[in-house]
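To start, the structure under review is shown below, and the notes come after it.
Each chain gets a letter, A, B and so on, in the order the sequences are listed, and its residues count up from 1.
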Amino acid sequence: MRSGATFAERVALACLARDVPESSLESRRRAAEEVVQSLTALPDSTRAGVGVAGVLARGVVGRSSGDRLVSRLDAAPLPGVGEYLKLVRSLALVAWFEDAGS
Amino acid sequence: MSSYDVVVVGSGPGGSVTARECARAGLRVLVVEEGERVEPGAVPAYSLEQMRRQYRNQGLTVALGRPPIAYTEAACAGGGSEVNSGLYHRPSAELLDAWSREHAVEALTLPDVEPWLGTVEDRLQVQGRAGELPPASAALARGAERLGWAGLDVPRWAVPGPGHPEKQTMTRTYLADALEAGAELACGSRVDRLDVHDGRVRGVVVAGRTVTSERVVVAAGAVQSPALLQRSGVPVSGRGLAVHPTVKVVAEFAEDVNDPADLATYQVKEFAPALTLGGSASRPSLIALALSERGWSVAGEPREAWRRQQVYYAAIRSRGRGRVRSVPGFRDPVVTYRLTREDLALLRSGLARLMHLLLAAGATRLLPSYAGAMTVTTNADVAPAAAAMTRSRAALMSVHLTGTLPLGERRGGVVDSWGRVRDVTNLWVNDASLLPDAPGINPQGTLMAIAHRNVDRLLRGDG
Amino acid sequence: MPDLGEPAALTVLTGAGGWFGRAWLRAHAAPQHRHGPVPTGRVRALAGSPGEVTGILEACPGAEVHVGDVVDPEVLQTLFAGAEGAVVVHAAGVIHPRRVDEFARVNVGGTRAVLEQARSAGVRRLVHVSSNSAFGVNPTPTDRFRHEEPFRPYLGYGASKAAAEAEVRAAHDPGTLETVVVRPPWFYGPWQPVRQTTFFTMVAAGRFPVMGSGAQQRSMVHVDNLVQGAALAARVSDVGGDAFWVADARPYPMAEIVRTVAEVLADEGYLVARSRLPGAVPGGRRVPALVARGAERLDRLLQSRGRYQQELHVLGEMDKTIACDIAYTRERLGYEPEVELREGMREAVRWCRQRGIALAPRADGAR
Ligand SMILES: Cc1cc2nc3c(=O)[nH]c(=O)nc-3n(C[C@H](O)[C@H](O)[C@H](O)COP(=O)(O)OP(=O)(O)OC[C@H]3O[C@@H](n4cnc5c(N)ncnc54)[C@H](O)[C@@H]3O)c2cc1C
């Protein structure tokens, strides 16, 4: 569970670095934590699916980070990985904008 | 252990009408509500905080399918009325006649429900706007006028307040009335199942304990009500879920249009009931979300651009249907939706017409919200941008859920014309599940009038 | 009733040898109430080829006929010589060409050339005949195209008509050249081309494909109704730069169209094959909607390679609703269509019979 959480945070941070590059690292960290919290609130079936997709995604990105991590997920042909990226990214964006974006 | 005359499951519009009328009739009423109670205005409308505190699963629910449809349900005292936009429509005579015909519903013509609509309108102080349209609405009105398309600034259950209009939510109106008339409200209490035996319901099970009651009225919303019946062993297929699938476009104007705390209340009804065009909540976070649907395009947006941007939508009446299934071992039901070919055609047409309208209104740039969408700046861009929204790229959502327990005398129906569950003598359903179909208008007013009609019958039937 | 401007002394017509062209010329020669304020002055007609001249003169013996390609500036200069203050009705266009590039050459290029030459000749008003194809298909059987709609062109023809319509509306210049667009859907009525005769023979043989339930709707326009719409577009004041749907009073379900043609053919003494299948539409043969979708795909593919196949194209459209709302046209032009489906189809069938065009065996065995 813990490693799953940290992986989602890694993806969220990579997305935010790309989407809101001028933002402070601190604000991105806060948003990434929020993402982890949101993922726990997903409906059971979705959460199960997202869990599986997260494992696949972790395999895809290996040790890469930042832009490379995002592009790898974006291009991954595996089912669910693209959706995983989309979900984490949108949660991260909402959290960042709600906290620091206006 | 206490016993009640009526236990109402859910405190949304359907549950609140039921609770108030039963309490006023002198019955001992308990309302069981899973969510917490949040005072209206205590959290910003459409914010993440509101999602966290007042929505089920923080608003992250989705009906699986191709394409999937994101939907949201409230989970708080007052249900959807606490978080929604407050837009009120009367159902048309044609709509009610079609429902009556197709589902063999007794006494559901406009004259039958009109008195109840009046009651709802009075209590919620439904009214039109006084004064000028705010910019996001004015843009829709301007576009509609230039194209000769019909539209209106939709009346709301909102009274002028010091800042923004004060929405007359259930906690401010019907639920307050119910409590005043002696009903009890148990928040933070989820009904896991109903205790059903030999064709009677004995009560509701909360945290492993049964609260007994003479009658139970389920008003948990169009997804949760069928799921609760399924968990309780009442044979319910969960089919028939009907929503208003909705596509969105971010429109950018030369001037500021965005009021993050409110949305455009103007609707274009030229193509109603099949198609409605209107404005969505547009907090900066929601604009970013809509933009992110398109791919990697958020980064290039100037940070202050949101002030000139606004999210608009095209919502359709769908011929497709969905299904709610509760799965043993899972707390939340699995929801699926099948969009038909015609639905997709209507969504594309709606998207094209919406973009045409926004260009006519003076938008300088349109960013349709689906994967890989192009940017639209001229009339010639509209057709390719609409055509490219395929099943695999579409990003759809809906906030109007209906149809899972349609009222009527049709064979095989779970409930009768008044929401009474056929196989369980003292069990009723009284919420949006009863509407046989997504009505093509914002549904709360219609479902409240029908809830009034049903509870009136329930009380009279009791003698 | 809207204000009518002065009638023009000269009317110039392009596409004169076509279905609408000849109906318009006939109305010139023998105006009826249903034609509205069709001009009665001199008429000059452009035929696309010498083969069309006989047909043009048959419709209107007094017409001054020119022959040539509508994209050719020299042809147009002669056509518009002395046309100051005239009205131009621009109906030249291709619908079912051999090659897809003809769409752009004739429908867009021709329109551009006509606009240019009309402007320099001092023409007062140009009425352009557009098409429903610029707007695609309706999403549901009950949807109707409104006066203002986004262009959503249906394949190559639609794209060319959309581009042409946009240019015509943009070219409107009050005081110099006024432009008005009329948008007809599927035609019927006298002066019909071979493809419509094929439609009749298929119905008579009980072979016309009715896709799915046949509930999809079509706006149709009897050519004389279209003549009225175009005549009003040429005369009514203060409508420059605008565009108008010109169709019959209501759209018809596809099954009704086919059934009506079958009944009219039978009434008029033709043998019509009858299907005994339950729910069959007389004159029609039920085909799964899938077939139309397959045809549409193939049509798209061929058109993307520059090829055009008429049967495929028509088949691909058969499961679609293509229907418009004429309320705005009634209001702004005072348009009142007088011919409806049954009577209009009867006229078309009789017109064929008078000209000896075979549609089906005669019930009495005669030829
Ligand atoms: C964002 C948004 C905007 C909207 N805008 C409009 C609008 O402008 N106009 C309009 O007419 N409609 C609008 N709607 C729709 C409208 O809010 C709903 O149609 C309406 O709230 C449905 O009422 P209901 O009583 O059926 O259910 P709900 O309002 O969903 O209430 C059901 C309640 O039951 C509770 N519950 C569920 N299961 C259980 C259980 N097992 N135990 C205990 N409690 C349970 C839930 O927590 C919830 O509070 C909007 C909806 C949303 C989400």
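- In terms of the side-chain contact (heavy atoms from CB on, under 4.5 Å) criterion, residue partners of B:Ala388 (sequence neighbours excluded) are, by chain and number, B:Tyr370, B:Arg393.
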*Before giving the answer on salt bridge (Lys or Arg N to Asp or Glu O under 4.0 Å), spell out for C:Glu256 and C:Arg250 the whole-Å C-alpha distance, their side-chain angles and the decisive distance to 0.1 Å.*
CA-CA 12 Å; C:Glu256 180 186 341; C:Arg250 65 176 173 100; 2.8 Å; yes

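- Contacts from residues 322-336 of chain C to chain B, taken as heavy-atom pairs separated by less than 4.5 Å, involve no residues at all.
- C:Tyr308 and C:Phe103 have their aromatic ring centers within a separation under 6.0 angstrom.
- Neither the backbone nor the side chain of B:Ala274 comes within less than 4.5 Å of any heavy atom of chain C.
- With respect to chain C, the highest number of heavy-atom pairs below 4.5 Å among B:Glu342, B:Arg146, B:Met355, B:Arg353 belongs to B:Arg353.
- Remark: B:Ala272 pairs with B:Lys269 by the side-chain contact (heavy atoms from CB on, under 4.5 Å) rule, at least two apart or across chains.
- In this structure, chain C has a heavy atom under 4.5 Å from the side chain of B:Arg341, while its backbone stays farther away.
- Between C:Asp143 atom CG and C:Asn138 atom CG the span is 4.5 Å, to the nearest 0.5 Å.
- Every residue meeting the salt bridge (charged side-chain N to carboxylate O under 4.0 Å, His left out) condition with C:Arg112, not counting sequence neighbours, appears here in chain and number order: C:Glu167.
- Between C:Phe145 and C:Trp245, the angle of the ring planes stays under 30°, which puts this pair in the parallel group of the 30/60° scheme.
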